[in-house]
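Note that the structure is a prediction, hence the values are computed from the model and not measured.
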Amino acid sequence: MPGFNDQSNGEQANLDAILKSSTYRIAHEDPDLLNSNAMRGVRMLLEITKPDLDLETAGVESTIIVFGGARIVDRETALKGLEEAERCLSENPGSSTLKRQVAHAEHRVVLSRFYDLAREFARLASQHGQANHKQCHGCASHVIVTGGGPGIMEAANRGAFEAGCRSIGLNITLPFEQHPNPYITPDLCFRFNYFSLRKFHFVMRSVGAILFPGGFGTLDELFELLTLRQVGTKGSMPIVLFGTEFWTKLVNFDYLAEMGLISNDDLDLIHFSDTAEEAWNFIRSQTLAEPEKS
């Protein structure tokens with residue numbers, strides 16, 4: 001009966017369309033819904049909750065934040081970069097652009113020492129905080145947390161990795177692709193869409209912070225941490241600026257106090273250091289027995 005078959009085919013086609021319809025999807029399995037503007041609040045809640053649950057499961061009790069320039073590389077890499085820049089300039093000695101590139105490469109060689117110092121600091125902190133983590137069912141304090149990228153971030157994760165310890169990487173989705181460095185503990189590497197929530201997790205379990213020379217991102221994090229300390233949100237969390245000459249040349253904190261824009265007591269929020277051991281000993285002496293929750 002042609003009429004019956006036509007009706008059956010029509011019903012089946014309609015049922016297939018129902019099952020394929022986006023409205024039929026369970027809400028949390030609907031990517032179009034989850035990625036919509038209306039669900040931004042839900043996505044933000046997920047970015048708060050997921051890392052928190054995973055870090056709690058991993059037994060991470062407290063962290064030390066390590067910030068610094070993504071463009072700072074180890075000495076060997078820096079020397080190779082300088083050699084290549086000088087070679088290019090020798091082929092076109094009149095190029096002002098190539099001259100600047102040589103100058104930048106020379107600076108990277110000088111700055112490369114901070115890569116090794118960040119690596120050493122992370123090793124010291126990690127060995128202290130995780131020496132007995134197997135005896136306490138995986139719990140760990142003073143776990144290194146970085147932005148998960150290259151440069152100083154890589155150096156700090158590498159220092160923990162080489163010490164046989166865990167470390168955290170909080171990566172971010174950027175217009176240009178950023179891969180996590182290979183030294184982060186795999187189940188402690190997170191990727192964020194929102195800078196603000198990434199910042200939240202940097203601070204949430206932190207009991208100390210150390211900042212190596214860096215650019216806009218490092219400065220952004222520095223002044224945010226100083227503000228949190230100034231208003232009392234992070235209590236007495238120590239903030240170490242590593243590389244006294246760099247930081248005092250870059251930011252005149254004394255001038256801010258002189259102008260009355262900050263108080264003289266605010267200068268005590270900053271501790272300058274030039275050796276990994278001294279920086280670690282200072283943070284260790286200042287850290288609280290219990291981590292603060294934000």
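Within the 4.5 Å cutoff, no side-chain heavy atoms of Tyr24 are placed close to those of Asp30. Within the 4.5 Å cutoff, the side chain of Leu225 has heavy atoms near those of the Phe67 side chain. Using a 4.5 Å heavy-atom cutoff, the side chains of Ile48 and Asp52 are not in contact. Looking at Leu170 and Phe200, their side chains never come closer than 4.5 Å, going by heavy atoms from C-beta outward. Counting heavy atoms from C-beta outward, Tyr255 and Ile262 have side chains that stay 4.5 Å or more apart. Residues Ile239 and Ile270 have side chains not in contact (no heavy-atom distance under 4.5 Å, counting atoms from C-beta outward). By the 4.5 Å heavy-atom criterion applied to side chains, Phe282 and Ser273 are not counted as neighbours.
Of the candidates Val109, Val102, Val110, Glu106 forms a side chain to side chain contact (heavy atoms under 4.5 Å, CB included) with just one, namely Val102. For the pairing with His201, the ring pair (Phe, Tyr, Trp, His ring centres under 6.0 Å) check across Tyr194, Phe192, Phe190 returns one residue only, Phe192. When the options His128, His142, Arg205 are evaluated for a side chain to side chain contact (heavy atoms under 4.5 Å, CB included) with Ile64, the one that passes is His142. Partner of Ile168 under the side chain to side chain contact (heavy atoms under 4.5 Å, CB included) criterion, chosen from Asn157, Ile144, Val60, Asp54: Val60.
Residues His271 and Glu278 bring a donor and an acceptor atom of their side chains to less than 3.5 Å of each other. A donor-acceptor pair shorter than 3.5 Å can be found between the side chains of Thr244 and Asp274. In this structure, a donor-acceptor pair under 3.5 Å is absent between the side chains of Asn281 and Arg284. No side-chain donor from either of Ser141 and Glu61 sits under 3.5 Å from a side-chain acceptor of the other.
Closest approach of Phe195 to Leu174, counting heavy atoms only: CZ-CD2, 3.6 Å. Between Thr218 and Gly69, the shortest heavy-atom contact is OG1-N, 3.8 Å.
Proximity of a side-chain donor or acceptor of Ser21 to a complementary backbone N or O of Ile18 within less than 3.5 Å is not detected. Asp266 contributes a side-chain N or O that, together with a main-chain N or O of Ser263, makes up a donor-acceptor pair within less than 3.5 Å. The backbone N or O of Gly149 lies less than 3.5 Å from a partner atom in the side chain of Asn181, making a donor-acceptor pair. In this structure, Lys99 contributes its side chain and Gly94 its backbone to no donor-acceptor pair below 3.5 Å. In this structure, Ser126 contributes its side chain and Arg123 its backbone to no donor-acceptor pair below 3.5 Å. Proximity of a side-chain donor or acceptor of Thr185 to a complementary backbone N or O of Ser167 within less than 3.5 Å is detected.
Taking the six-membered ring for Trp, Phe272 and Phe242 have ring centres at least 6.0 Å apart.
A salt bridge links Glu221 with Lys199: the distance from a Lys NZ or Arg NE/NH1/NH2 to an Asp or Glu carboxylate oxygen falls below 4.0 Å. The pair Glu154-Arg119 does not meet the salt-bridge criterion, since no charged nitrogen lies less than 4.0 angstrom from a carboxylate oxygen. One finds no salt bridge joining Arg113 and Asp116 here, because no Lys/Arg side-chain nitrogen approaches an Asp/Glu carboxylate oxygen to under 4.0 Å. Using a 4.0 Å cut-off between charged nitrogen and carboxylate oxygen, Glu91 and Arg87 count as a salt-bridge pair. Salt bridge absent: Glu245 and Lys249 never bring a charged side-chain N and a carboxylate O closer than 4.0 Å. We find that Lys80 and Asp74 are not joined by a salt bridge, their nearest charged nitrogen and carboxylate oxygen being 4.0 Å or further apart.
Under the salt bridge (Lys or Arg N to Asp or Glu O under 4.0 Å) criterion, Arg43 pairs with no residue, sequence neighbours left out.
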Report the C-alpha distance between Arg191 and Thr173 in whole Å, list the side-chain angles of each, state the deciding distance to 0.1 Å, and finish with yes or no for side chain to side chain contact (heavy atoms under 4.5 Å, CB included). CA-CA 7 Å; Arg191 185 170 62 163; Thr173 300; 3.8 Å; yes

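A 6.0 Å sphere centred on CD of Glu277 holds no more than 12 heavy atoms belonging to other residues, nucleotides or ligands. No more than 12 heavy atoms of other residues, nucleotides or ligands sit less than 6.0 Å from atom CD of Glu83.
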